[in-house]
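In what follows, a single structure is set out as structure tokens and then discussed.
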Amino acid sequence: MAHWLMKSEPSVFGIDDLKAKPKQTSHWDGVRNYQARNFMQRMKKGDEVLFYHSSCPEPGVVGIAKVVTEAYPDHTAFDPDDPHFDPKSKPDKPTWMMVDVKFVKKLKRVIGLDEMKADTKLDGFQLLKRGNRLSVLPVSDAHWKAVLALE
DNA sequence: GCCAACGTTGGC
DNA sequence: GCCAACGTTGGC
């Protein structure tokens, strides 16, 4: 089983929004970056995901989710009225994909970006790289354990 | 295929 | 609100 991290702005869709969904499950739409999409296409049912809050007062890992549906076309790309509309993605040849994720748990506290940066066990973690803008990224087993050890 | 311009992300 | 970093676009 692989591990991942997915970023979201809590003012748009946070961990509490996922928890409040029917079946505590939501599709993860709106990813418009090829590298992030490729990672989503590699996701398998049962994979675990660190839920990360970005662009907020306290950026950091706030909870855990799991993949319940593997990659399928992101229909929001087909809708001209959707903010994530992309005319180059066609229903018969979709450019953008999404997965469904289910809420697992909230961490007891937020694992802040600053403390992750300070942890030498997290050296090389893609999230912590300067200028990192990927919204979906893989997490090694060692980094997964190190993040959760901070809880 | 190069590269400047532009738009977006995201921490601070 | 600022600005660095980066991906994408489009002219050539």
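Just so it is clear: chains get the letters A, B, ... in the order the sequence lines come, proteins before strands, and each one is counted from 1. Values below: all heavy atoms of this structure, side chains included; hydrogens, waters and symmetry mates excluded. Every value quoted in this text rests on a predicted model; they were computed, and no experiment measured them.
- Scored by the side-chain contact (heavy atoms from CB on, under 4.5 Å) test, A/Lys88 finds A/Tyr34, A/Asp86, A/Thr95, A/Trp96 as partners (sequence neighbours excluded).
- In the displayed structure, A/Lys102 atom NZ is contacted under 6.0 Å by more than 12 heavy atoms of other residues, nucleotides or ligands.
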Inset, instruction - Indicate for each nucleotide in nucleotides 5-12 of chain B, in 5' to 3' sequence, whether protein heavy atoms under 4.0 Å reach the base (B), only the sugar-phosphate (S), or nothing (-). - result: --BBBBSS
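- Using a 4.0 Å heavy-atom cutoff across all strands shown, A/Lys88 reaches sugar-phosphate atoms only and no base atom.
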Less than 3.5 Å apart, which donor and acceptor atoms pair up between the side chains of residues 10-24 of chain A and the rest of the protein, not counting sequence neighbours?
{"from": "A/Asp16", "atom 1": "OD1", "to": "A/Lys106", "atom 2": "NZ", "distance (Å)": "2.8"}
{"from": "A/Asp17", "atom 1": "OD2", "to": "A/Gly14", "atom 2": "N", "distance (Å)": "2.7"}
{"from": "A/Gln24", "atom 1": "NE2", "to": "A/Lys19", "atom 2": "O", "distance (Å)": "3.4"}

Produce the list of close N/O pairs, under 3.5 Å, pairing protein atoms with atoms of nucleotides 1-4 of chain B; give distances to one decimal.
none

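- Using a 4.5 Å heavy-atom cutoff, the side chains of A/Leu50 and A/Leu148 are in contact.
- Among residues at least two apart or in separate chains, there is no salt bridge (Lys or Arg N to Asp or Glu O under 4.0 Å) pair with a member in residues 35-58 of chain A.
- The side-chain hydrogen bond (donor to acceptor under 3.5 Å, both in side chains) search around A/Ser55 returns none, not counting sequence neighbours.
- Taken to the nearest 0.5 Å, the CG atom of A/Asp74 stands 8.5 Å off from the NE2 atom of A/His27.
- The CG atom of A/Leu150 lies 5.0 Å from the CG atom of A/Asp119; values are rounded to the nearest 0.5 Å.
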